[in-house]
Amino acid sequence: MTLDGTKHNTINMIKQSNLQRHLQVLAKDIGVRLAGSDREQQAADYIAQEFQRAGANVAVEQFAVRERSVKRELLEINLDGCWQTFPSSLFSNTPGTEGQAIEAPVVFFESPAESQRTDLSHLTGKAVVHLGCHIESRDAYSRLVEAKPAFLLMVDIRHPGSVPLADGMFPTYTTALGAVPTVNVAYMDAWRWKVAGATSARLMIEGGMQQSVSQNVIAELSGEQTDQMPDTKHDLVFLGGHHDTQADSPGADDNATAVAGILECARILARQPRKCTIRLISFGAEEQLSVGSAAYVRSHRESLQQHGRFMFNLDSFGSPLGWNDLIFNGPDILAQQVRNCFEPKEIYFRFLNQVIPYADHFPFAVAGIPAVTLIRSNCTSGRFFHHRPDDDLDKVSTSTMATLLNGIIHFIDLLTTTNQFPFPPTIPTALQNDIDMYWNDLFGGWENP
Ligand SMILES: [Zn+2]
């Protein structure tokens, strides 16, 4: 069956003023929304209230997280016999130093190539300047931790920035294998340390991680029972985004854009007739590696595998200058249907048919549900203000958002008003196998609590 991309062009009702209002509340009035924090909770309360106002049935599901709670950080590097202070940002899911300064000799570790080294004992007791801040292998992480470095100074090598980005270590890695104090540092600072021959480093962090809770906010627009199609109302189409942010970032683009978007979609979709159920979810704790969406999929596994049809996730799609990337895990026919719907509106995507475990579509793909994430990139390393304090309201365009959201609403409307779901709930086998591999390694598989 085909979907007609020219039909329903009348649904064009995203209001930029509503998007602006949501963005303002989330990224300005509330601001930084770290997983497990009071501010994340405030954002969730606002989202629940707005979903209710849209006319959806709302549920909030809580889950355990570790909240990053840092009171003071001090990083000093010894250059030419002089201690100099540099900015740093403690990774989530790694410990502080309990307020004590730890001093250690500096060693540079060129991780992209040097992770091939079998013996890492030269890192023992050292302040390790680690090139690259994502360790995507349990084995590589385990060897690094077993070497017992004094602490890790992680350098984001995607973009030679002059401020440290905020980031985190995967919670399943640190729970299973332990962690040492780990901070992000600015690329250009690390460059300077290398050139000047830095000898030693001193790190002091007061605070660290504490046990807390985060939450998924779920809005349900149930499908209508019809005599001919009594079963379609159980089919589930998901629309998702996350409301938490990284440390010190107000997260206007990442990801107040998505929350504003799904709130506005809820308002509009609630008024449309539909044959299957639409579930809009704002996830907590995405920035610690999709902790909220993984918790959701684990606790609803059976019903998702039975009724889940499609997940459209949004993450950071407000850049005025940029292009649309669609992480795409689904059957070919779905890709064609996406094109048929969006291209007449002059919306084009670069399809990324690969495993990218860093967004909330991923756990849905693990459950075998065709799943996509829309991201608007603005440079080849992603977004130039990614996870930084300047991811603020100036970086997002409600007009860009509205154009994309009108396309998405149209697509969701096509899916939820057909008599028979227009594509099979399958992901190509080779891709699904890779997805499962990442799920087991990075997320600890289905059994992980
Ligand atoms: Zn995000």
Side-chain angles (χ1 to χ4, degrees), residues 22-23 26-27 30-37 39-40 43-44 47 65 68 89 91-93 133-134 156 158-159 165-171 184 214-217 238-263 280-296 311-319 322 324-327 352 355-365 371-379 381-393 395-396 400-401 404-405 408 442-443:
H22 300 318
L23 288 169
L26 293 161
I30 298 174
V32 179
R33 308 175 291 285
L34 270 175
S37 69
R39 283 169 186 239
E40 190 199 38
I47 295 159
V65 285
R68 178 191 181 279
S89 174
F91 263 43
S92 61
N93 288 302
C133 54
H134 292 128
D156 196 318
R158 290 172 292 187
H159 173 75
L165 310 187
D167 218 316
M169 208 60 95
F170 304 144
N184 240 7
S214 176
Q215 62 299 108
N216 295 325
V217 187
F238 293 91
L239 200 52
H242 70 85
H243 50 262
D244 65 309
T245 66
Q246 282 284 3
D248 304 313
S249 174
D253 189 35
D254 186 8
N255 196 12
T257 52
V259 177
I262 63 174
L263 290 178
L280 304 103
I281 311 183
S282 184
F283 299 104
E286 186 272 348
E287 298 293 2
Q288 292 191 11
L289 189 66
S290 299
V291 176
S293 51
Y296 180 83
M311 158 51 129
F312 201 121
N313 184 59
L314 297 163
D315 201 331
S316 314
F317 72 106
S319 282
N324 307 318
D325 278 332
L326 197 70
I327 303 172
L352 306 173
V355 186
I356 300 183
Y358 301 111
D360 288 321
H361 72 286
F362 179 75
F364 288 80
V372 304
T373 286
L374 167 63
I375 299 177
R376 246 177 97 72
S377 302
N378 58 38
C379 55
S381 55
R383 291 164 311 287
F384 69 87
F385 44 74
H386 183 58
H387 292 173
R388 291 194 333 206
D390 59 343
D391 178 1
D392 53 28
L393 292 177
K395 304 296 185 303
V396 300
T400 303
M401 289 166 66
L404 287 162
L405 290 166
I408 291 165
L442 300 183
F443 289 78

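Whatever order the structure lists them in is the order used to number ligands and atoms, beginning at 1.
Checking each of Leu326, Ile262, Thr373, Leu280 against Phe312 for a side chain to side chain contact (heavy atoms under 4.5 Å, CB included) leaves exactly one that passes, namely Leu326.
The closest side-chain donor-acceptor pair between Ser290 and Asp360 falls under 3.5 angstrom. No side-chain donor-acceptor contact under 3.5 Å links Gln246 and His386.
Under the 30°/60° scheme for interplanar angles, the aromatic rings of Tyr296 and Phe364 are found to lie parallel. Note on ring orientation: taking the six-membered ring where Trp is involved, the planes of His134 and Phe170 are parallel (angle under 30°, cut-offs 30° and 60°).
By the salt bridge (charged side-chain N to carboxylate O under 4.0 Å, His left out) test, Asp156 pairs with Arg158, sequence neighbours left out.
Here the protein contributes His242 NE2, Asp254 OD1, Asp315 OD1, Asp315 OD2 as N, O or S atoms under 2.8 Å from the Zn ion (ligand 1).
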